[in-house]
Amino acid sequence: MATSTIPITVAYGDGIGPEIMEAVLSILDAARVPLRYDVIEVGQKLYDQGYTAGIAPESWDVIRRNPAFLKAPITTQLGTGGKSFNVTVRKALNLFANVRPCKSYAPFVASAHPGMNLVIIRENEEDLYAGIEHQQTREVTQVLKLITRPGAERIVRYAFEYARAYGRRKVTCMTKDNIMKLTDGLFHRTFERIAAEYPDIEAEHMIIDIGTARLAAQPERFDVIVTLNLYGDILSDVAAQIAGSIGLAGSANIGPRVSMFEAVHGSAPDIAGKGVANPSGLLVAATQMLVHLGLAEDAERIKNAWLCTLEDGIHTADIYRTELSSELVGTAAFARAVIARLGCTPRQLQPVHYKATGIHAAIGEFPKPSKALVGVDIFLDWDQAGRDPNALGAALTRHTPTGWQLKMITNRGVKVYPDGLPETFCTDHWRCRFVAVQEPIAYAEVLALLNTLHAAGFEIIKTENLYTFDGERGYSLGQGE
Ligand code: NAD
């Protein structure tokens, strides 16, 4: 039966990129994987031509029309005002999931955790990385942490679908929702809701700090980990480090239409052009791509042939050890050794088995809750009266119009009025919570309140409306409220 080919975008990159890409494509071709390649140029040459993101405009069309992009490492421009190519692609193409398997290949590659075999799936676009930061007073800066319901749903669903496609048994969610009940809480609740749709997969939740400690001490107990952007960023570096195989690791950036696959390592300019680089990281990324595209059988055959090559001690210089290896090979000879083992099953290392379902992570429809305005947090820059909260409280109360009540004032989240403690340190940034005497209240009343306070000489630096959703509070209480 004739199989139609899937077009993918290929970039040979910089440094060792061309050598390892050639090796990887030779393996895909020898395995007769039904792919065809649209080659684009990205990286150094394009930066040198003045393209600040390292890519020419016409190449975007190629990337956008194909479902997958296999990318060799590129050399990052330093200090020239150029933008990171990876960050540009990730943001422009809505690559919402970052997938980083961390596995040890002991005893063939030295590792302190021989049984480690986990994958970290990290939300890739939201959280503190939305990059919305402000300095509001002389002493205070802030960043907004944004967690959305569709964003959480998509990444969590992706993690469960990934677990199914890769025959994994457990998904662990890590958040800090004991502190951040609304943002991390939304992520955790979404996890619980979606986990119920996957009864075949075990689901557990850990607080991120305890989870990270457990990961460092006992990585063998984890299978798939799903978490928010910042936690996942830190966690994947911890995991990669302790696996001892960062040079063999691939990673994926998954989007709804286009996904990008690459080695974790960089362009290794120190060994470029010598024919000694290890193509394994990019090859592992290519097998991730095949599973993603629904070509599980091809991925399985190639990955098992690669495991056999490692097992047979045929190693490139980066992993060669006289006591573990039998033959030192260069990039091309390593690729030939993998090709010669297509169809073989590893004896000692665990053979891989993937399910041919592909991975889909659709976002469901959400019922829209009713939303009511019930108050407003007004943030002030105030540096008078020795920063005495009671003086501020009294002054604000004098100017509070009818229909509003000053409920409390907090400083760095701690309630300082009414009934604060004299020990609490106060900076020049005050959150003043006004609630409507009668709920709901019209936004025009918020504007009237702001006008009154402004006219009375208060410096308002920002406001946050307080809403309820289906009667549930959509804002946190102040510590001590
Ligand atoms: P690197 O990963 O390129 O190299 C670190 C060390 O590991 C070097 O000694 C190198 O020789 C070795 N090494 C890396 N890959 C190897 C391989 N496949 N086989 C054998 N040895 C290998 O890290 P670096 O030197 O910090 O970065 C070099 C360049 O790559 C920088 O410009 C960096 O910004 C860029 N980079 C790009 C990506 C990417 O495109 N995704 C990722 C990381 C770094």
Side-chain angles (χ1 to χ4, degrees), residues 9-27 40-48 51-55 59 63 69-91 93 95 98-102 105 109-110 122 124 233 236-237 240-241 243-254 259-289 306 309-310 314-321 325 328-335 337-338:
T9 309
V10 165
Y12 281 77
D14 300 319
I16 59 170
E19 301 158 53
I20 59 174
M21 183 60 83
E22 222 165 89
V24 167
L25 297 186
S26 75
I27 296 167
I40 60 164
E41 181 106 51
V42 299
Q44 194 70 56
K45 217 189 261 175
L46 279 297
Y47 283 120
D48 291 347
Y51 294 106
T52 54
I55 176 169
S59 296
I63 295 178
F69 176 20
L70 184 63
K71 183 180 92 55
I74 63 178
T75 301
T76 311
Q77 284 298 91
L78 294 176
T80 56
K83 293 187 215 137
S84 159
F85 175 76
N86 271 8
V87 173
T88 306
V89 173
R90 195 188 296 166
K91 289 197 169 164
L93 296 179
L95 305 185
N98 186 295
V99 182
R100 176 92 70 93
C102 298
Y105 298 98
V109 180
R122 153 191 167 199
N124 217 14
D233 194 1
S236 48
D237 273 20
Q241 191 67 36
S245 57
I246 190 157
L248 311 182
S251 88
N253 285 279
I254 304 294
S259 302
M260 180 169 77
F261 302 84
E262 61 181 340
V264 167
H265 63 72
S267 59
D270 52 333
I271 55 166
K274 296 184 177 157
V276 297
N278 190 344
S280 295
L282 188 60
L283 183 65
V284 169
T287 61
Q288 284 181 273
M289 176 184 76
W306 175 72
T309 311
L310 288 186
I314 300 174
H315 294 166
T316 45
D318 55 316
I319 58 168
Y320 185 88
R321 303 282 177 282
S325 313
L328 174 64
V329 290
T331 314
F334 183 84
V338 175

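Position 1 is the first residue of the sequence, and the numbers go up from there. Quick note: numbers below take in every heavy atom, side chains included, and nothing from hydrogens, waters or symmetry partners. Read the numbers this way: they start at 1 and go in the same order the structure lists the ligands and their atoms.
- Below 4.0 Å from some heavy atom of P73 lie the following atoms of ligand 1, by number and element: 40 (O).
- Taking atom 41 (N) of ligand 1 as the reference point, the nearest protein heavy-atom neighbour is E262 OE1, 3.0 Å.
- For D270, every heavy-atom contact with ligand 1 shorter than 4.0 Å involves the side chain, none the backbone.
- Of the possible donor and acceptor atoms, one in the side chain of T331 sits under 3.5 Å from a partner among the backbone N and O of G275.
- Between V276 and I16 there is no side-chain heavy-atom pair separated by less than 4.5 Å.
- Of the protein's non-hydrogen atoms, the one nearest atom 16 (C) of ligand 1 is I16 CD1, 4.0 Å.
- Here the side chains of I55 and I63 are in contact, with some heavy-atom distance below 4.5 Å.
- In this structure, atom 26 (O) of ligand 1 has no protein heavy-atom contact shorter than 4.0 Å.
- For atom 11 (O) of ligand 1, a protein heavy-atom neighbour is found at a distance under 4.0 Å.
- I27 places none of its side-chain heavy atoms less than 4.5 Å from the side chain of L25.
- Within a 4.0 Å radius of atom 2 (O) of ligand 1, the protein contributes one or more non-hydrogen atoms.
- In this structure, the separation between CZ on F69 and CD on E262 is 8.5 Å, given to the nearest 0.5 Å.
- Formation of a donor-acceptor pair under 3.5 Å by the D14 side chain with backbone atoms of T75 is found in this model.
- Only side-chain heavy atoms of I271 come within less than 4.0 Å of ligand 1; its backbone N, CA, C and O stay farther off.
- Every atom of ligand 1 with a heavy atom of P269 under 4.0 Å away is listed here by number and element: 28 (C).
- The shortest N/O to N/O separation between I74 and ligand 1 falls below 3.5 Å.
- Here the CG atom belonging to L282 is positioned 12.0 Å from the CD atom belonging to E19, to the nearest 0.5 angstrom.
- In this view, F85 satisfies the ring-ring contact (aromatic ring centres under 6.0 Å, His included) rule with no residue, not counting sequence neighbours.
- H315 places none of its side-chain heavy atoms less than 4.5 Å from the side chain of L328.
- The nearest non-hydrogen atom to atom 4 (O) of ligand 1, considering only A268, S251, A277, A263, comes from A268.
- When the ring-ring contact (aromatic ring centres under 6.0 Å, His included) test is applied to Y105, the partners found at least two apart in sequence or on another chain are W306.
- For atom 32 (O) of ligand 1, the nearest non-hydrogen atom of the protein is T76 N, 2.9 Å.
- Looking at N278 against ligand 1, both its backbone and its side chain come within 4.0 Å, counting heavy atoms.
- The nearest protein heavy atom to atom 18 (N) of ligand 1 is closer than 4.0 Å.
- Nearest protein heavy-atom contact of atom 29 (C) of ligand 1 is S267 OG, 3.2 Å.
- The presence of a protein heavy atom under 4.0 Å from atom 6 (C) of ligand 1 is ruled out.
- No side-chain donor-acceptor contact under 3.5 Å links E41 to the backbone of A11.
- Within ligand 1, the atoms closer than 4.0 Å to a non-hydrogen atom of N86 are 41 (N), numbered from 1 in the order shown.
- At least one N/O-N/O distance between G266 and ligand 1 falls below 3.5 Å.
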